[in-house]
Enquirer: 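Before I ask anything, let me first share the structure, which is written out below as structure tokens.
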Amino acid sequence: MLFRRKIRSLRRIPCPCFAGKHPLSSVAAADAAEELVSDSGGWDPKSCSRDILALSNLELGLYLSCRSNSNVVAEKGVLKQKEMVSCPRWSEQDPMLARLEVCHALAKEGRLRQMRKILRQMLGDEGTSSSLLCELLCTNFKDWDSNSIVWDMLANVYARLEMIHDALFVLSKMAALDMQASISTYDRLLFNLRHTEIAWDLYEEIKSSGVSYSEYTFKILIDGLCKQGRLQHAISFFQTERGNKEFNRCIVTFNSLMAGVCNAGFVEIARSLLSLSFKYGFLPNKHSYTTLIHGLCLAGYVDEALELSEYMQTDGIELDVVIYNILINGYRLLGLMSEIWKLIRMMIQHGLQPDLVTYTILITGLCEGGNVDEGLKMRKEMLSRGFKLNIVTYSVLVNALCRKGHINEVEGLLGEMKEIGLDMDLVAYSILINGYCKLGEIEKALQVCQTMCSKRIMANSFVHGGILSSLCKNGSVPEANWYLENLAATGQTLNIILYNIVIDGYAKIGDVEGAVTLYEQIIRSNITPSVVTYNSLIYGFCKIGELNIAKSFLRKIELHELVPTVVTYTILINGFCGAGDTDSILELLDEMIGKSIMPNRITYSVIIKALCKHGRVREAIDILKNMEIMGIGADEITYNTLIQGFHELRNVNMAFYLHDKMLQHSLMPTPITYNLLINALCLNGEVDRAERFLLSLLERGVRLRKFAYTTIIKAQCAKAMPDRAIILFDKIAIHKQNDHKSLAAFQAMVVKSCLIALGIYE
DNA sequence: ATAGGGTTAG
């Protein structure tokens with residue numbers, strides 16, 4: 001401690017030996033000295049003099065020697081250094097040479113970390129070129145003992161600084177001088193180059209050099225292949241190398257392959273890999289199990305993951321918080337909150353406490369289930385237990401609140417983050433930008449974009465996606481297209497989702513030409529379209545009534561080796577419903593079920609709509625019953641569609657029967673439900689009943705749209721009962737008296753609708 | 001090693 005303080009104070013005093021000669025060196029020396037001391041765990045005069053001696057006449061040694069006085073340094077060391085002070089070898093000529101000599105001295109002592117630090121400073125701060133350094137090393141240190149260690153570290157540091165060309169240059173010089181690079185330097189470079197073919201040239205070099213592989217060498221290569229999506233290559237590489245003795249030591253490599261296979265969505269392969277691990281000569285460790293448990297959970301096989309975790313325990317490996325979190329997250333992905341609580345109880349029973357990640361998963365699950373308030377409560381619980389939320393937890397909450405449109409609470413959380421000094425990251429920014437875009441706050445979204453850029457965080461496709469969607473939804477599809485072109489022109493890699501957003505924008509406004517133009521552009525630039533691309537195109541063609549062209553795209557999906565989804569078929573069925581083509585609908589329905597693409601509530605709602613349109617309400621009701629039997633819950637829109645059907649037929653009783661059924665199924669009737677019911681009553685001449693129904697709704701605090709009010713008032717006017725309308729008007733006004741704005745709007749509306757009903761106003 | 005973000009259908 002004492003020495004560290006001393007060094008710190010030294011840093012501010014110019015070194016008398018070098019006064020005015022090389023200002024950088026005193027800083028470097030102080031830094032190096034500090035590291036020396038912290039490494040040795042404190043200051044001791046004996047090791048100091050040893051260090052000074054070991055470091056020879058390098059700057060550090062000189063600096064320390066002229067600064068240390070008799071009460072610290074052993075006599076011998078001081079004496080030696082005093083001699084050296086009088087005749088510095090390199091320092092006066094070239095500080096770079098002096099530092100390289102430091103490196104040699106450190107290398108000789110085996111103090112590689114300190115050497116690395118000095119080299120990093122030389123390369124990082126001063127941007128020294130590799131050719132100059134190689135030249136210096138060649139001419140001045142040729143036969144020094146530790147020469148190859150210094151060369152190797154030079155390549156290593158270039159690789160660490162991601163200065164790949166320099167690193168490769170140093171390696172080539174080393175080869176010419178017949179020096180062997182270390183495996184850790186090779187590993188670094190392999191890591192940097194893992195997404196390129198050069199990695200494989202380097203691997204060949206490693207093989208032929210005869211240097212021993214590290215436990216990471218193969219892992220890096222396998223990771224690289226997996227991340228590039230070259231799973232086949234990864235597996236065949238694994239197969240060819242696994243005879244290799246050194247390869248088989250590396251359980252990390254095996255784990256890496258399992259992770260890659262899982263991430264590519266082939267859990268089954270990962271599963272068989274683990275069961276074959278013994279045959280391959282690998283002994284699975286905790287990480288192997290964790291990887292497969294994670295893979296199983298992501299694929300939705302949480303029960304099997306749980307079984308595996310139990311098996312793992314019989315293998316003597318205990319569950320930890322990470323594995324619990326993985327399992328908990330698995331249930332979250334399946335939307336099974338009840339199972340999550342069971343697991344949390346279980347982990348507590350086993351003496352493990354939920355951590356920040358556990359809480360974050362919980363909050364995410366609650367928010368996804370629509371219980372943002374519960375999520376906020378959970379946040380309070382975290383705080384009361386002494387947890388500090390991190391950026392991930394905040395992001396989850398901000399995202400949920402944006403989706404709910406609770407902009408004030410979003411601003412509150414943002415203020416809180418600022419207060420505690422939590423930095424936003426790329427994901428947090430993209431959530432916020434998307435949120436503001438969805439809420440129509442484009443100005444704010446752009447402001448956030450600017451803040452993000454000023455922090456040198458580059459916008460990515462998530463951010464651009466938000467901007468593109470909001471442009472499309474605001475009727476600026478050509479502008480969205482222009483934005484997309486600009487992204488491409490500035491060399492950004494555009495992914496299929498960005499194209500899909502704009503294609504869908506065109507499709508929604510019925511501009512199939514615009515949509516197809518973009519689609520052709522995708523094909524030309526060798527970007528693989530996704531099912532969503534085709535779904536949007538099909539939507540566009542259905543919208544303009546070109547059903548045959550729409551159907552031809554269904555075949556194109558299969559040509560591109562993609563699989564149509566329930567959305568594809570639903571869009572098409574909806575198209576044929578509009579045309580009243582029952583045969584085609586049934587044909588499509590059979591076709592999808594034949595492919596095990598099961599219709600969902602939206603598909604059935606579409607079919608119900610078609611049946612209702614042709615007055616075939618009985619069949620529509622049969623479908624509703626079948627949905628119940630199949631466990632496909634109808635939602636508000638399904639019921640509204642049916643109620644609409646009975647409304648057209650003036651069947652008030654069935655309409656109300658369906659309304660009651662909604663309530664039985666805990667579905668909140670929507671303003672549209674009420675409009676339909678009130679209108680049905682009025683058309684049926686039951687204006688009094690409509691009035692009573694409306695008032696009962698108002699008493700229950702149900703919010704209605706103006707259509708509901710005008711319908712009744714118009715009906716009363718039409719029945720030449722304007723006095724009744726006025727009484728009703730007063731009753732409604734009472735319910736709205738606390739809301740002046742709404743009352744004023746209501747009054748204006750009623751006056752207008754009365755005038756229209758009485759034929760006075762157009 | 002585990003947690004957060006974007007596109008399509010009624």
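Chain identifiers are assigned alphabetically (A, B, ...) following the order of the sequence lines, protein sequences preceding nucleic acid strands; residue numbering begins at 1 within each chain. All values reported here derive from a predicted model rather than from experimental measurement.
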Enquirer: If I take atom CG in residue A:Leu537 and atom P in nucleotide B:dT7, what distance separates them, rounded to the nearest angstrom?
Expert: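 So the CG-P distance, A:Leu537 to B:dT7, works out to 18 Å.
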
Enquirer: Please report, rounded to the nearest Å, how far the P atom of B:dA9 is from the CE atom of A:Met598.
Expert: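 Roughly 22 Å, once rounded to whole Å.
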
Enquirer: Under 4.0 Å, counting only non-hydrogen atoms across every strand here, what does A:Lys508 touch: a base, just sugar-phosphate, or nothing?
Expert: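 Sugar-phosphate, backbone atoms only, no base.
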
Enquirer: Please encode protein proximity along nucleotides 1-6 of chain B as a string of B, S and -, counting only heavy-atom distances under 4.0 Å.
Expert: BBBBBB

Enquirer: Could you measure the distance from the CE atom of A:Met378 to the OG1 atom of A:Thr358? Nearest 0.5 Å is fine.
Expert: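 OG1 of A:Thr358 is found 11.0 Å from CE of A:Met378.
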
Enquirer: Measure CG/A:Leu572 against P/B:dG10 and give the value in whole Å, please.
Expert: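 Going from A:Leu572 (CG) to B:dG10 (P), I get 13 Å.
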
Enquirer: Taking the side chain as every heavy atom from C-beta outward, state whether A:Thr291 and A:Ser256 have any pair of such atoms under 4.5 Å apart.
Expert: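 Result no, sub-4.5 Å side-chain heavy-atom pair not found.
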
Enquirer: With no hydrogens and no angle check, just 3.5 Å: does a side-chain donor-acceptor pair link A:Asp315 and A:Tyr289?
Expert: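 Yes.
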
Enquirer: Would you say the side chains of A:Asp303 and A:Tyr331 form a donor-acceptor pair under 3.5 Å?
Expert: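 Their side chains do contain a donor-acceptor pair, which is all the 3.5 Å distance test asks for.
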
Enquirer: Keeping the roles fixed (side chain from A:Asn263, backbone from A:Ala259), state whether a donor-acceptor pair exists under 3.5 Å.
Expert: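 Such a contact is found between A:Asn263 side chain and A:Ala259 backbone.
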
Enquirer: Could you check how far CD1 of A:Ile585 sits from C1' of B:dA9, rounded to whole Å?
Expert: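 A:Ile585 atom CD1 is separated from B:dA9 atom C1' by 15 Å.
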
Enquirer: In whole angstrom, give the distance that lies between atom CD1 of A:Ile571 and atom C1' of B:dT7.
Expert: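 Rounded to whole Å, this separation is 12 Å.
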
Enquirer: Can you tell whether the side chains of A:Glu304 and A:Arg271 come within less than 4.0 Å, N to carboxylate O?
Expert: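 So A:Glu304 pairs with A:Arg271 through a salt bridge.
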
Enquirer: Please work out if A:Thr533 contacts a base, only the sugar-phosphate, or nothing of the nucleic acid, heavy-atom cut-off 4.0 Å.
Expert: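 Answer is nothing: A:Thr533 stays at 4.0 Å or more from every strand.
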
